[in-house]
Visitor: 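Have a look at this one.
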2 protein chains.
Amino acid sequence: MARPRTFDEDTVVDAAMVAFWRTGFDDTPINALEDATGIKRISLYNAFGDKEGLFLAALDRYHLGARDVYEGMVAQGNLDAIQNLFTAMSAPADPDAPAHAGCLMVNTVLDVRRASDEVKARITGYRELLRTSFVSALQNARSEGQMIADDDVIEQRATYLLGLLWGALALIRVEGKTTAAKDVADVGNLTIDGWRRR
Amino acid sequence: MARPRTFDEDTVVDAAMVAFWRTGFDDTPINALEDATGIKRISLYNAFGDKEGLFLAALDRYHLGARDVYEGMVAQGNLDAIQNLFTAMSAPADPDAPAHAGCLMVNTVLDVRRASDEVKARITGYRELLRTSFVSALQNARSEGQMIADDDVIEQRATYLLGLLWGALALIRVEGKTTAAKDVADVGNLTIDGWRRR
DNA sequence: CCTATTTTATAATTCTGAGTATATAACGCT
DNA sequence: AGCGTTATATACTCAGAATTATAAAATAGG
């Protein structure tokens, strides 16, 4: 008994996510969000409360996709899965993909000084997702006999992988291309090869 | 025949640098700069033109100090010098040092989307300084017989080191402490050990 | 002492961008 | 048809922050 929404909320969130991805929270004014989503500010405020509400929705959406990648591919895999991740990151299939802007979560992470507590919580959750995925993959690698390492070393290596990934993504963000990230990934993958039992 | 400046420009720039270091360009309002430097906004505008002028002066000042470290310690050194850099980064002597806020240049790098062209130029110069310092150190290591590598590998490893350093600094920035960075540095140093000729 | 210049202190200006208000049109259901 | 909700379009309010303006005090040299 009322006019239904003419826009699909998921589509709007997707479009907003890409906009935030490219230009960040602070440098994406409401105008740009109107343009990106194709709906008016009032509708955005109605649907998401405020700008941060929309941003949180975008982060959640991104997290959903990332969870598929990390829990599905990395956490279930072994050293090969980790190497595949680094290779894929530094050689995106679509050269126009927003991935060239780095990673929404990492970008947001790097903006963390400006972020609210809710946003910080998302980021922390995301960092944990990555780290535990790496830990899982390393544990799998150990139980499959790919490498030998005690628990402390696995924790240490997971943190290293996280730092390496962030560093590569930061380079992508600054340079706007993946060439430097490829070098980082290549040497990182050689390091991982060094972990393999000979 | 006029009242002279009662403040020392270098001291003011130093104080401003620390302020920017801790909270970043955008989140350091003029108020905070007045407090940090102890002089009034008018004097700041008189001496530096605008807020960005002061920021550029702070970046230059930081760069000066960094150049001593990188050109003096790293570029003249070898694999050991690189490892020392990573060790020092993840274990600062003074726990209250602003180094715990990461590195002013890297922080600025990570904020690059908000930066002006002049600031971006500073950042690019800084990145080059780091990279070429790593290249020099690796070349030294080769000529000293520490490791065997052709020029391409040296370039690749230098980029890797840059990415690793940035990743570690990004972790410091997010976590506000150096524990994760220590893991990154430790594994990174093991990787460097792997480059040594056995 | 007087003048030119730089201070301090306070307040006005200006701009940007988030969020709100108002009026109106569109639409589905009873 | 009429009601209630959601859309469009435009304009307004409001806050924060940079920058500028004004007035008065301080100080070195002529």
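Letters go in sequence order (proteins before strands), and every chain restarts at 1.
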Visitor: Under the side-chain contact (heavy atoms from CB on, under 4.5 Å) rule, collect the residues that match up with A:Ala32, sequence neighbours excluded.
Guide: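 Partners of A:Ala32 under the side-chain contact (heavy atoms from CB on, under 4.5 Å) test: A:Thr28, A:Pro29.
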Visitor: Got a sec, which pairs hit salt bridge (charged side-chain N to carboxylate O under 4.0 Å, His left out) with one end in residues 73-85 of chain B, sequence neighbours left out?
Guide: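 Passing the test, one end in residues 73-85 of chain B: B:Asp80-B:Arg196.
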Visitor: Who are the side chain to side chain donor-acceptor pair (under 3.5 Å) partners of B:Asn31, not counting sequence neighbours?
Guide: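 B:Asn31 satisfies side chain to side chain donor-acceptor pair (under 3.5 Å) with B:Arg41 once adjacent residues are dropped.
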Visitor: Need the bend value for the helix from C:dC1-D:dG30 to C:dT30-D:dA1: angle between end axes, 5 pairs each end, nearest 10°.
Guide: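 Rounded to the nearest 10 degrees, the bend comes out at 10°.
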Visitor: Checking A:Thr191 now: which residues fulfil side chain to side chain donor-acceptor pair (under 3.5 Å) with it, not counting sequence neighbours?
Guide: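 For A:Thr191, the residues satisfying side chain to side chain donor-acceptor pair (under 3.5 Å) (neighbours in sequence not counted) are B:Thr191.
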Visitor: Quick one: closest heavy-atom pair of A:Met147 and A:Leu138, and the distance?
Guide: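 Shortest heavy-atom separation between A:Met147 and A:Leu138 comes out as CE-O, 3.6 Å.
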Visitor: Take the protein atom CZ of A:Phe48 and the nucleotide atom C1' of D:dT6, then report the distance between them rounded to whole Å.
Guide: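 Checked: the CZ to C1' distance equals 14 Å.
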Visitor: Got a sec, which pairs hit side chain to side chain donor-acceptor pair (under 3.5 Å) with one end in residues 49-59 of chain B, sequence neighbours left out?
Guide: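 Passing the test, one end in residues 49-59 of chain B: B:Glu52-B:Ser116.
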Visitor: Provide a list of protein-nucleic acid N or O atom pairs under 3.5 angstrom, restricted to nucleotides 13-20 of chain C.
Guide:
unit_1 : atom_1 : unit_2  : atom_2 : d
C:dA18 : OP1    : A:Lys51 : NZ     : 2.6
C:dA18 : OP2    : A:Ile30 : N      : 3.0
C:dG19 : OP2    : A:Tyr45 : OH     : 3.1
C:dG19 : OP2    : A:Lys51 : N      : 3.1
C:dG19 : O6     : A:Arg41 : NH2    : 3.4

Visitor: Rounded off to whole Å, could you give me the CG-to-C1' distance for the B:Leu44 and D:dA17 pair?
Guide: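 Nearest whole value for this atom pair: 15 Å.
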Visitor: How close or far is atom P of C:dT8 from atom CD1 of B:Ile39, stated in whole angstroms?
Guide: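 The distance from CD1 of B:Ile39 to P of C:dT8 comes to 7 Å, rounded to the nearest Å.
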Visitor: According to a strict under-4.0 Å criterion, is A:Ser43 in side-chain N/O contact with OP1 or OP2 of D:dT6?
Guide: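 Answer is no, no contact under 4.0 Å.
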Visitor: Could you give the NZ-to-P distance, from A:Lys40 to C:dA25, as a whole number of Å?
Guide: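 Result: 17 Å.
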Visitor: How close or far is atom C1' of D:dT19 from atom CG of B:Leu54, stated in whole angstroms?
Guide: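 Computing the B:Leu54:CG to D:dT19:C1' distance gives 14 Å.
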Visitor: Taking only residues at least two apart or on different chains, which pairs with a member in residues 123-138 of chain A satisfy salt bridge (charged side-chain N to carboxylate O under 4.0 Å, His left out)?
Guide: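 Every pair satisfying salt bridge (charged side-chain N to carboxylate O under 4.0 Å, His left out) with a residue in residues 123-138 of chain A: A:Arg127-B:Glu175, A:Arg131-A:Glu155.
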Visitor: List for me each residue that meets salt bridge (charged side-chain N to carboxylate O under 4.0 Å, His left out) alongside A:Glu71, sequence neighbours excluded, and say none if there are none.
Guide: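 For A:Glu71 there are no salt bridge (charged side-chain N to carboxylate O under 4.0 Å, His left out) partners, ignoring immediate neighbours.
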Visitor: Distance check needed: C:dT8 C1' versus B:Glu34 CD, whole Å only.
Guide: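 Those two atoms, CD and C1', are 10 Å apart.
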